[in-house]
Amino acid sequence: MTRCRYAKPLPKGPQSPGRYSSICLQCNGAQSGLIGKFKWEAALKSDEKVRSWEITSESNYLNRRQFILDAGLAAGAGLALASLPGDLRAQGRELDTVQGPYSTDEKPNSWQDVTTYNNFYEFGTGKEDPYRNAQDFVTSPWTVTVSGECGKPGNYAYEDIVGPHTFEDRIYRHRCVEAWSMVVPWVGFPLGDLLQRFEPGSDARFVRFKTLLDPKQMPGQRRAVLRWPYVEGLTMAEAMHPLTLMVVGVYGKELPNQNGAPLRLVTPWKYGFKGIKSIVEIEFTKRQPATSWETSAPREYGFYANVNPEVSHPRWSQARERRIGSGLFAEKQPTLMFNGYEEEVADLYAGLDLRKNF
Ligand code: MTE
């Protein structure tokens, strides 16, 4: 069977010029080849395909039975079914993926953990607020503005951003600065491959990312918890590192809104706050950008934010972490240098004082 990755009608709107609305509207699963600049791909039927997390953690994969179980547990925990997150009621679209490199063989957290225990302050500061408040967030059409020190600045539709890239399944450790962690089966592609397409100039030393600013849709932005919009940044070397992912999905499906749909960053050796969600701007800069958490509490959060068990947060130790889903009485586990990705990334920081540059 063939199926088009973009087989979703795109509504016309201010973010989506009419020319995009014809993509795949006719796709009935029979086409392949190239149409315009959009690739139409042959894909295995999902039930023919063995996903990496099914090998590492079959019991964690959200199959129908798991969904029913999850729904039952949530109901048992006092949640009405109607208040369940939309993504548990209507699962996101399945993505065509290949297995990518760098996956950990640790057991991934359940879909329930990954999609209902979130940080996305634009939708509230409680861990369950994002899935409760982000269900109606409109992520299509979506435009990303690229600017700064590069040869191809402009406004790019989501389809232009993701179109040329092959989506990869990558199971990464995910460590929040708040000393909890998860293992997440992301779907994405190397950020470096995307940035290359914009032809960064020799003056591009950093990349700055911005989240959408839209207090109408994002109730958390009506309160001054942070200076909005959320901003993050990487050095060019970090951005081009093959571990750095532009993420479009989780568990083989489109990214749920609460996880940062439709595009979010993942840098698994850094604290989770570097993983900016719902990105609408990418800017190549000469100077190190001021980032949201660093601006809000510079003594507590740095630009680098590399996971480091030896450098405590001023208010708590970073030596150990609580793995979400491990049970109430489970012991905290030791935190690994660079979250276990030391071999891959330590070179990036050769000669840098990691205590000062935290
Ligand atoms: N991006 C935006 N725009 N707003 C946020 O509040 N929270 C960050 C990061 N990206 C955040 C964000 C933090 S603190 C973490 S730990 C991760 O997202 C959480 O990602 P997850 O909810 O997918 O686990």
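Not measured: the values here are computed from a predicted model. Counting starts at 1 for both ligands and their atoms, following the listed order. Below, each value reflects all heavy atoms present in this structure, side chains not excepted, and no hydrogens, waters or symmetry copies. Sequential numbering from 1 along the given sequence is applied to the chain's residues.
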Arg173 to Tyr341 six-membered ring, cation-pi geometry met (6.0 Å, 45°): yes
Subset of ligand 1 atoms that lie under 4.0 Å from at least one heavy atom of Cys176: 16 (S)
Min heavy-atom dist Ser278 to ligand 1 below 4.0 Å: no
Min N/O separation Trp180 to ligand 1 under 3.5 Å: no
Sub-4.0 Å atoms of ligand 1 with respect to non-hydrogen atoms of Thr211: 3 (N)
Residue portion contacting ligand 1 (non-hydrogen atoms closer than 4.0 Å) for Glu122: side chain
Phe273 N/O under 3.5 Å from ligand 1 N/O: no
Per-atom contacts of ligand 1 with Asn259, taking only distances under 4.0 Å to non-hydrogen atoms: 23 (O)
Rounded distance (nearest 0.5 Å) linking atom CD of Glu232 with atom OG1 of Thr291: 4.5 Å
Sub-3.5 Å N/O-N/O distance, Asn119 and ligand 1: yes
Any Arg264 heavy atom less than 4.0 Å to ligand 1: yes
Glu178 heavy atom under 4.0 Å from ligand 1: no
